[in-house]
Amino acid sequence: MCGIVGYLGKRQALPIIIKGLKRLEYRGYDSAGVALLNGSLEIVKKKGKVLDLENEIGERTLDASVGMGHTRWATHGEPNDKNAHPHTSTDGKLAIIHNGIIENYSSLKKELELNGHNFLSDTDTEVLIHLIEEIKVQNKCTIEEAVRLALNEVVGAYAIVVLSQDEERTLIAARKGSPLVIGIGKDEFFVASDATPIIEYTNDVTYLNDKEMAIIKDGNLVVKNLANVVKTPFIQKLELDLEDIEKGGYPHFMLKEIFEQPKSIRDAMRGRLVSREHHLFMSGIDQYLNRFINAERMLLIGCGTSWHAGLIGEYLFEDLARIPTEVEYASEFRYRNPVIRDKDIVIAISQSGETADTLAAIELAKSKGSLIFGVCNAVGSSIARTADAGAYLHAGPEIGVASTKAFTSQVTILAMMAMYLGLKKGTIPLNKFQELIHGLDSVPDKVSKILAKGDEILEISKSFYKASNFLYLGRGYNFPVALEGALKLKEISYIHAEGYPAAEMKHGPIALIDEDMPVVFIATKDSSYEKVISNIQEVKARKGKVIAIVTEGDTEIKQMADFTFEIPSIADPLVPLLAVVPLQLLSYHIAILRGCNVDQPRNLAKSVTVE
Ligand code: F6R
């Protein structure tokens, strides 16, 4: 949801900002813009991608060592040039970029209009810069003070950067609800929505907390809260390599991330699973072991793909640790007056760690006394910092908008948690625990094996890329995999796809089946294998086209299905970690064959920091 970059130092700001915006483009790509400050404010902005902005800038030399840039995911106002950020004040001397939503913008706008402010865009952001201007004029104060006072008046979420023509070597940034990280180099400072624009210049960063401002001025960084109390910033070292955020020879980030899974799954287990000794170490759980053992209920919350990982978590916790578990969309949970008890444990699952609905749901649960356990990828993210304890995925940055490696890492963490609790509670016998440890340890190699024959999926894709609808069916642990497969397909290829528990098909979706309907079955050899075979037959009887993900050596389904793809055999609770991989590849190849932009699908953004 919008990416922002700021720079103040001694180098040329424009190349740093443009490069940073390209790294943040996953956050939104409706328009892009820059403001450079060198005597006066120079602003260039354009509908479309950062490349369109670069073309607009053309040969112009925007010589400045202070500046900022923005890549937009539209909320208020359609994606066009005039709604692109930066936005300016009436006198043109102040400029702002913003990620978030100013909820009371409409009432503020009315007041400001009465005071003679003219608005050029339909955005909420423009209202904020006019409010800052109004306060600055009325109070005859510095830009720093005007921003602070204005932020005390706004309701909503923001990460902002503000520049003022009258205070040339000053850059003000602030956040509430939207992420913001400050990079501290030698005589230079960087501001960004995440650390990727900063990594090649400095490893020293500080993450602003909610309702904090950073004032970068006279070569210094001062952090204060909105009540004007100065805070000591916590400076930390980034653990991120440049190659993690580049495509490394792959045509798309999504494909790179799919192929990274043997490593990312291994990294999720690193330091936690010691296969030789049949040990698991889960320090985040150990911190609160009694609460976990005595938990009356687990509540798993997340959105989209993270919610699907949560559904698998539900099966795992109930199956292995016998803890009653519920899974909730964070967006529903936060608004429906849920029953939350202090003996509940809330597990918040989020790749970005910034999803606004998940964050709000955590805050609600926290206020009722629940223990919050975060399963996040982005280190230092808001959710990771809000949680009482947690387990990082260590999957490295996920840049493709469609989540792939984060999903398998989330499931790996949830599997280890359930196994660990099962062992501690005595709900799984030692031999089963050991079998699962070996199973989990074998997952990276088995995923590599699947990836090595990814071309089979390309061939299957060629037969179906023109389809208008898809159905994905699975049972037990494979039902959430069906949902995830359908989500992957719809979000990057724009083909309508639905996931269902296979047995539900006869309660409605079967009416959709005809010779044009491809049906993907996740039909591995598990306890519901025979039942799934019956479901396949029901589809074939209605002339549906069946693509089946089956266990290596399966002969029965091969005779019925139009296409099969084999995956290695593994214990039932771990099947999703393998079965999802061909589905990720299926959606990738279909989207490419349809000419879609897989890394930046329309209307989407990677990090959903608005409600
Ligand atoms: C789908 C996808 C989204 C995210 C969802 C939650 O491929 O990426 O559905 O899973 O927006 O995001 P996080 O995990 O960052 O909270």
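Whatever order the structure lists ligands and atoms in, that order sets their numbers, starting from 1.
With ligand atoms numbered from 1 in the order given, ligand 1 contributes 13 (P), 15 (O), 16 (O) to contacts under 4.0 Å with heavy atoms of S352. Close approach of ligand 1 to S306 is summarised as follows: ligand atoms under 4.0 Å from at least one heavy atom of the residue are 10 (O), 13 (P), 14 (O). Every atom of ligand 1 is numbered from 1 in the order shown, and the set under 4.0 Å from a heavy atom of A402 is 7 (O). With ligand atoms numbered from 1 in the order given, ligand 1 contributes 1 (C), 7 (O) to contacts under 4.0 Å with heavy atoms of K488. Taking every heavy atom of S350 and a limit of under 4.0 angstrom, the matching atoms of ligand 1 come to 13 (P), 14 (O), 15 (O), 16 (O).
For D210 and R175, the salt-bridge test passes: some basic side-chain N is under 4.0 Å from an acidic carboxylate O. Of the charged side-chain nitrogens involved, at least one lies within less than 4.0 Å of a carboxylate oxygen, so that E459 and K462 count as a salt-bridged pair. One finds no salt bridge joining E498 and K490 here, because no Lys/Arg side-chain nitrogen approaches an Asp/Glu carboxylate oxygen to under 4.0 Å. Comment: D52 does not engage K49 in a salt bridge, judged by the lack of any side-chain N to carboxylate O separation of less than 4.0 angstrom. The residues K405 and E260 are annotated as salt-bridged, a charged nitrogen and a carboxylate oxygen being separated by less than 4.0 angstrom. Ion pairing of E246 with R23 is present here, as a side-chain N (NZ or NE/NH1/NH2) and a carboxylate O approach within less than 4.0 Å.
The single protein non-hydrogen atom nearest to atom 11 (O) of ligand 1 is V608 CG2, 4.0 Å, given as residue, atom name and distance. Of the protein's non-hydrogen atoms, the one nearest atom 10 (O) of ligand 1 is T305 N, 3.1 Å. With hydrogens left out, the protein atom closest to atom 5 (C) of ligand 1 is C303 O, 3.5 Å, a heavy atom.
Residue V401 places a heavy atom under 4.0 Å from ligand 1.
Nearest residue to atom 16 (O) of ligand 1 from I349, T358, T355 is T355 (criterion: closest heavy atom).
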Audit row: E200, K19, salt bridge (Lys or Arg N to Asp or Glu O under 4.0 Å) steps and yes/no: CA-CA 11 Å; E200 64 194 272; K19 204 174 200 186; 2.7 Å; yes
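Polar contact check, E491 against ligand 1: a nitrogen or oxygen pair lies under 3.5 Å apart.
By the 30° and 60° cut-offs, the orientation of the rings of H70 relative to H85 is parallel.
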